[in-house]
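Every chain is numbered from 1, with letters handed out A, B, ... down the list of sequences.
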Amino acid sequence: MKNNFKEFVKGFFEQNPILVFLLGLCPTLAVTTNAINALTMGLSVIFVLFFSNLIISLIRKMVPNQVRIASFIVVIATFVTIVDIFLKANFPSLSKALGPFIPLIVVNCIILGRAEAFASRNSVFLSILDALGMGLGFTITLIIMGGIREVLAFGTFFNVKVTPDFMPKFLVMILPPGAFFTLGILVGIKNAVSMRKK
Amino acid sequence: MNLLLIFIGAAIVNNFVLSYFLGLCPFLGVSTDLKKATGMGFAVIFVMLISSAVTWLIYYKILLPFNLVYLQYVAFILVIASLVQFVEMFLKKFVPPLYRGLGIYLPLITTNCAILGMTLFMVIRKYNFVESVVFSLGAGSGFLLALLIMSGIRERINTSDIPRPFRGAGITFITAGCLALIFMGFAGILR
């Protein structure tokens, strides 16, 4: 039981997919201009990760080794298409804001990475736990980044005003450079905390 | 004139790496020295050029007429993956020096989001065949440019004194941020 719990929480901090493995960086930087986009991207990734880990750990014994990457990508692309069509139908404005970054989940290294490193070697139950943990770690990091950038650039968080009026607005934070700066500093903080623990 | 604008737009103004954040994994992975960066850059240009032509034909001549657009992502990624495999075999057989030069970078390109991203932008912006090819050439050149600049800077960074938590990824992101800031200066060219 303790072991299962460990598989679940490892993605939050110790093996955080973004801050430690530097996986899935394109969506991390591109969609975190505000907290809502970040949350949408996070949930989409959790959905795709959950089902692709589930299917891949179910079929892992049937797939020949040489074609495994291609088969994994087809499984992943199928679920990404489902998410894309769902968002287009139900949340057209969100879908428009995220643009090509939803279909780009297909080549998000987190999903293929977890399929290759974990789901193709472990039981269905553990793979699901791994998917949920990694997905949540990813989502939390996205929301932190989106939150920081939204607060500094617009003074709002999830569209609710949080800063006093005299606080200057740093528009550069929602532009590409702001994304790189925020991520660089977060990686630095994560490393500093890990170093202190030792 | 229009073609020139598309090229400059993709290569400099909306640089794939620094303003769309596409292809960041190889950008961070192989920008450690200039030689690797050059190999990767040219491999990407090459694959982009071929995949833009092939995916354009597949999208407009097969998927659209037969009403199969929902298969777009599956089809595109399969095309790119098999194309990379094919290019690898072709080079190995007919141009061995180039094959050895590109080495392990060829297979890695399959998961480079810049390639899939480029094909998606091509469809979203409704480029015609020639425009698509020029767009892919611009995007590839922009990738090479960013990679070269970054690897030049990183060779310098290696010899300087950086606070420990920021060594490696941290300082690289902050450097990329500065580069992105500089590239924003080009935004005036298009308007």
Within 6.0 angstrom of [X] [atom1], more than 12 heavy atoms from elsewhere:
| X | atom1 | value |
| --- | --- | --- |
| B:F86 | CZ | no |
| B:R125 | CZ | yes |
| B:K92 | NZ | no |

Does any backbone or side-chain atom of [X] lie under 4.5 Å from a heavy atom of chain A? Answer side chain, backbone, both or neither.
| X | answer |
| --- | --- |
| B:F183 | neither |
| B:L120 | side chain |
| B:A176 | both |

Side chain, backbone, both or neither of A:V172 within contact of chain B (heavy atoms, under 4.5 Å): side chain
Going only through I, L, V, M, F, W and Y residues with side-chain contacts under 4.5 Å, is there a path from [X] to [Y]?
| X | Y | result |
| --- | --- | --- |
| B:L71 | B:I58 | yes |
| A:I148 | A:V160 | no |
| B:Y60 | B:L68 | yes |
| A:V151 | A:L171 | no |
| B:I124 | B:L63 | no |

Evaluate the side-chain proximity of A:I105 to B:Y73: yes if any heavy-atom separation is below 4.5 Å, no if none is. no
Please tell me if the side chains of B:Y20 and A:P176 come closer than 4.5 Å, counting only heavy atoms from C-beta onward. no
Would you mind telling me which of [options] has the largest number of heavy-atom pairs within less than 4.5 Å of chain B?
| options | value |
| --- | --- |
| A:A77, A:S194, A:P177 | A:P177 |
| A:V80, A:L112, A:T81, A:V187 | A:T81 |
| A:A192, A:G99, A:P103, A:A30 | A:P103 |
| A:L19, A:L186, A:L25 | A:L25 |
| A:D84, A:L175, A:T182, A:I189 | A:D84 |

Among [options], residue most engaged with chain A (heavy-atom pairs, under 4.5 Å):
| options | value |
| --- | --- |
| B:T175, B:L78, B:L116 | B:L116 |
| B:T172, B:L22, B:L18 | B:L18 |
| B:I115, B:I171, B:V17, B:V74 | B:V74 |
| B:G168, B:G23, B:S19 | B:S19 |

Shortest non-hydrogen pair, B:Y70 vs A:I85, comes out as CB-CD1, 4.4 Å
Provide the closest heavy-atom pair for A:L183 versus B:F173 in the form atom of the first, atom of the second, distance. CD2-CZ, 3.4 Å
Taking the six-membered ring for Trp, is the centroid-to-centroid distance between A:F180 and B:F21 below 6.0 Å? yes
To the nearest 0.5 angstrom, please state how far the CZ atom of B:R167 sits from the CG atom of A:N191. 11.5 Å
